[in-house]
Number of protein chains: 2
Amino acid sequence: MLYLYSKLVAYAPLPNTMINSPAMQALRTYIEHYTSSPLSDADFELISRAFTPKKLRRKQYLLQEGEVCKYFAFVLKGALRQYSVDDKGVEHIVHFAVENWWIGDRESFVMLTPSRYNIDVLEEAEMLLITNAQLQELISTVPAIAQMVRELDQRNFIATQKRLHASIGYTAEERYAELKQVHPEFLQRFPQHMLASYLGISPETLSRVRHKSLRQ
Amino acid sequence: MLYLYSKLVAYAPLPNTMINSPAMQALRTYIEHYTSSPLSDADFELISRAFTPKKLRRKQYLLQEGEVCKYFAFVLKGALRQYSVDDKGVEHIVHFAVENWWIGDRESFVMLTPSRYNIDVLEEAEMLLITNAQLQELISTVPAIAQMVRELDQRNFIATQKRLHASIGYTAEERYAELKQVHPEFLQRFPQHMLASYLGISPETLSRVRHKSLRQ
DNA sequence: CTTTTCTATTGACATTTGTCAAGAAGTTTT
DNA sequence: AAAACTTCTTGACAAATGTCAATAGAAAAG
């Protein structure tokens, strides 16, 4: 186990500057928030070593359809979207990520299968990347990470289930109202046709729904 | 920690018959399948003590809207459904559970909030129940359980995300085709109007979709 | 065995949503 | 500043899906 660990990091010496970088501090705050207890410096160093910082400009891809999703990304700054493209060339957005959100294709990341999704950058983004091997290592060596991952999975699952419930049971109008209530910041931040795609309706329908809701 | 544990089980002495019951054996096989390694007898006893067997007849509720979901259930035999009822009295099924599936309202179970869902029995069911406190205890004392829960969460999340993706991007026809491919057993086992509800379409539309697909 | 409840189908029609096309601002790129 | 994209809106029409009502057969309950 120790051997495996040293293999993973031996050739990636960590500059002092990275541990103390604002990026890592943001991650530290985030983890401590999730676990409601401070991280030891030793644990924090293990964590810092596992993540790689990455910046991407608008329209650049973090993942393209057909590739295996090697990294999960923690977003420090900016915005990204995850979407598939159907046979008619229409994009279906399944996820947005902004500051303090995670993004990646779980299925591909875990099973090492080619992804059906694209992930690209909507607003110039700063991220911290981690591979599945590194994450598994962290989960088994740092209990706080195991707990955080469990919590995250839970919330993620609950949120996805709610969205599923909405998309099965509600009309376009009701789903827009829900989005407005749950993520009002999205309405400001993303173009309307992407919100429409996220809600599973056409941009024209969303435009009409908004027009209608203004009058009432 | 030990004190807490003993409090949880002290007044529920476990009859020998339960550890060796077919129910518990089924659970053991299931867990070993998930973790790909045999359970120690000690761990298995801890696990056995945490679960309570329960049988319910057709139409009985495991959970009713407004209640807190106290138990998660592992289904040994039979079938259940989880659904909400909207203001027009229409039922929306979000989940079916058959043999070797879990069922419960995660949000309510974890957050202790009143549930918006009902869970009732479609075919006379035998289950093993566990409370969140007992599950958390197991997760921290039995690594195999922690691993199993992680795996389960992962699969669950992937499956829900796929369903969400389908319900946003596909037509009624395509969604039915997908269901047929992923869970062919559901088509035999559940009445059509429930499958329609699960897919988020009206029973009449599902009937027409099936009629159409027969001819082509 | 009979009655009642469930279930699936079909037709007619209403409603919702999508598609196509055009145009007008607004942004970015050159 | 001009050109090239993006984004949003609107109208006309098409397609998908829902609603209501009637019916018939199957299954469950008494």
Side-chain angles (χ1 to χ4, degrees), chain A residues 57-60 78-79 81 83 85-93 96 120-124 166-180 186-216, chain B residues 56-60 78-79 81 83 85-93 96 120-125 166-180 186-216:
Chain A
R57 293 254 180 79
R58 248 189 117 216
K59 302 205 180 183
Q60 291 192 283
R81 65 175 175 158
Y83 62 98
V85 181
D86 69 21
D87 18 294
K88 285 160 205 142
V90 182
E91 297 174 353
H92 301 279
I93 298 178
F96 287 118
D120 68 12
V121 175
L122 300 176
E123 294 170 19
E124 178 149 342
S167 92
I168 283 175
Y170 298 164
T171 64
E173 206 166 333
E174 291 166 323
R175 276 181 281 161
Y176 177 70
E178 186 183 283
L179 178 65
K180 198 168 166 179
F186 284 9
L187 306 205
Q188 312 308 319
R189 200 154 177 185
F190 304 121
Q192 221 169 273
H193 69 273
M194 290 192 187
L195 299 175
S197 169
Y198 182 79
L199 292 172
I201 59 184
S202 70
E204 293 93 337
T205 297
L206 180 55
S207 173
R208 288 175 180 123
V209 161
R210 294 186 66 225
H211 183 79
K212 212 172 131 193
S213 74
L214 278 181
R215 284 179 312 165
Q216 286 165 354
Chain B
L56 281 178
R57 293 254 180 78
R58 248 188 118 219
K59 303 204 180 181
Q60 291 192 282
R81 65 174 175 160
Y83 62 98
V85 181
D86 69 22
D87 19 293
K88 284 160 206 142
V90 182
E91 297 174 354
H92 301 278
I93 299 179
F96 288 117
D120 67 12
V121 174
L122 299 177
E123 294 170 19
E124 178 149 345
S167 92
I168 284 176
Y170 297 164
T171 64
E173 208 167 331
E174 292 167 322
R175 277 180 280 159
Y176 177 70
E178 187 184 281
L179 178 64
K180 198 168 166 178
F186 284 9
L187 307 205
Q188 311 308 320
R189 201 153 178 186
F190 304 121
Q192 221 169 274
H193 69 273
M194 290 194 189
L195 298 174
S197 169
Y198 182 79
L199 292 172
I201 60 184
S202 69
E204 294 92 338
T205 298
L206 181 55
S207 172
R208 286 173 181 126
V209 161
R210 293 187 67 225
H211 183 81
K212 215 172 127 194
S213 76
L214 278 183
R215 285 178 310 164
Q216 286 165 355

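In what follows, chains are A, B, ... by sequence order, proteins preceding strands, each numbered from 1.
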For A:Lys212, is there an ion pair with A:Glu173 - N to carboxylate O distance below 4.0 angstrom? yes
Under 4.0 Å between a side-chain N/O of A:Gln192 and OP1 or OP2 of D:dT6, yes or no? no
Rounding to a whole Å, what distance do you find between B:Arg58:CZ and D:dA29:P? 6 Å
Mark yes or no for whether B:Arg57, through its side chain, and B:Glu124, through its backbone, hold a donor-acceptor pair below 3.5 Å. no
From CG of A:Leu195 across to P of D:dT6 the rounded distance in Å is 18 Å
Atom CD of A:Glu204 to atom P of C:dA21: distance rounded to whole Å? 12 Å
How sharply is the helix from C:dC1-D:dG30 to C:dT30-D:dA1 bent, taking the axes over five pairs at either end and rounding to 10 degrees? 60°
Would you tell me if any nitrogen or oxygen in the side chain of A:His193 comes within less than 4.0 Å of OP1 or OP2 on D:dT6? no
How would you label the contact of B:Lys59 with the nucleic acid (heavy atoms, under 4.0 Å): base, sugar-phosphate, or nothing? sugar-phosphate
Distance under 6.0 Å and angle within 45° of ring axis: A:Arg81 vs A:Tyr83: yes
Can you tell me if A:Ser207 touches the phosphate of D:dC8, counting only side-chain N or O atoms and a distance under 4.0 Å to OP1 or OP2? no
Provide, to the nearest angstrom, the distance between the CZ atom belonging to A:Arg57 and the C1' atom belonging to C:dT28. 14 Å
Check side-chain hydrogen bond (donor to acceptor under 3.5 Å, both in side chains) between B:Ser207 and all other residues, then give those that pass, not counting sequence neighbours. none
If only atom types and distance count, is the side chain of A:Ser167 paired as donor or acceptor with the main-chain N or O of B:Ser167 below 3.5 Å? no
Could you state the CG-P distance from B:Leu206 to D:dA16, rounded to the nearest angstrom? 16 Å
Quickly work out the B:Tyr170 OH to D:dA15 C1' distance and round it to whole Å. 20 Å
Separation of atom CZ in B:Arg208 from atom C1' in C:dT7, rounded to whole Å: 15 Å
Measure from CG on A:Leu122 to C1' on C:dT27 and round the result to the nearest Å. 16 Å
Parallel, tilted or perpendicular: rings of B:Phe186 and B:Tyr198 (30°, 60°): perpendicular
Just call it for A:Ile201: base, sugar-phosphate, or nothing, with non-hydrogen atoms closer than 4.0 Å on any strand. sugar-phosphate
I want to check one thing: is the phosphate of C:dG18, taken as OP1 and OP2, less than 4.0 Å away from some side-chain N or O of A:Ser202? yes
Is the backbone of B:Leu122 close enough, under 3.5 Å, to the side chain of B:Arg58 for a donor and an acceptor to pair up by distance? yes
Between B:His211 and C:dT10, does any side-chain N or O lie under 4.0 Å from OP1 or OP2? yes
